[in-house]
Amino acid sequence: RHSCEPLFRSSFRVPKELADEVRGAYVLSFSRGDVRSLSQWVVEAIVHKLETERDLFNDGHPFEPRTKHSIATGRRSRK
């Protein structure tokens with residue numbers, strides 16, 4: 001479903017070790033012919049997580065879309 005859609009540039013902060021491991025997993029998937037790009041690998045990982053979250057928390061339905069600036073960004077304060 002998502003493979004033919006144009007890609008939208010987005011960025012998220014992740015720990016360096018996680019980013020390094022993602023690149024390692026991508027290289028293996030690429031060498032096996034499973035994916036053609038790092039973006040494809042990341043999209044497939046996000047889709048997998050979304051499918052799980054939809055089933056658990058939203059009766060299997062897509063979540064309400066939110067625009068880029070509609071959620072708080074940055075560190076959350078601890079109370």
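Residue indices begin at 1 and follow the sequence shown.
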Problem - Minimum heavy-atom distance S39-L7, with the two atoms named - result: CB-CD1, 3.9 Å

Problem - Summary of side chain to side chain donor-acceptor pair (under 3.5 Å) pairs that have at least one residue in residues 57-68, sequence neighbours excluded - result: none

Exercise for the section: Output the distance between atom CZ (F63) and atom CZ (F57), rounded to the nearest 0.5 Å. Expected result: 7.5 Å

Problem - Shared hydrophobic cluster for L50 and W41 (ILVMFWY, side-chain gaps under 4.5 Å) - result: yes

Practice task
Using salt bridge (Lys or Arg N to Asp or Glu O under 4.0 Å) as the criterion, list what pairs up with E53, not counting sequence neighbours.
Solution key: K49

Handout entry: From S37 atom OG to Y26 atom OH, the distance as rounded to the nearest 0.5 Å
Key = 6.0 Å

Practice task
Taking side-chain contact (heavy atoms from CB on, under 4.5 Å) as the test, write out the residues that go with T52, two or more places apart.
Solution key: H48, L56

Handout entry: Co-membership, hydrophobic cluster, residues V47 and F30, 4.5 Å side-chain
Key = no

Exercise for the section: Could you state whether L28 and V43 fall into the same hydrophobic cluster, counting links through intermediate Ile, Leu, Val, Met, Phe, Trp or Tyr residues with side-chain heavy atoms under 4.5 angstrom apart? Expected result: no

Practice task
Determine, using the 4.5 Å side-chain heavy-atom cutoff (strictly less than), whether V35 and V42 are members of one ILVMFWY cluster.
Solution key: yes

Practice task
Please identify each residue that fulfils side-chain contact (heavy atoms from CB on, under 4.5 Å) with P15, with sequence neighbours left out.
Solution key: E17, L18

Completion exercise
In short, salt bridge (Lys or Arg N to Asp or Glu O under 4.0 Å) pairs touching residues 27-39 with sequence neighbours left out are R32-D34

Fill in the blank from the handout: Residues at least two apart in sequence or cross-chain that pass salt bridge (Lys or Arg N to Asp or Glu O under 4.0 Å) with D20, listed by chain then number, are K16, R23

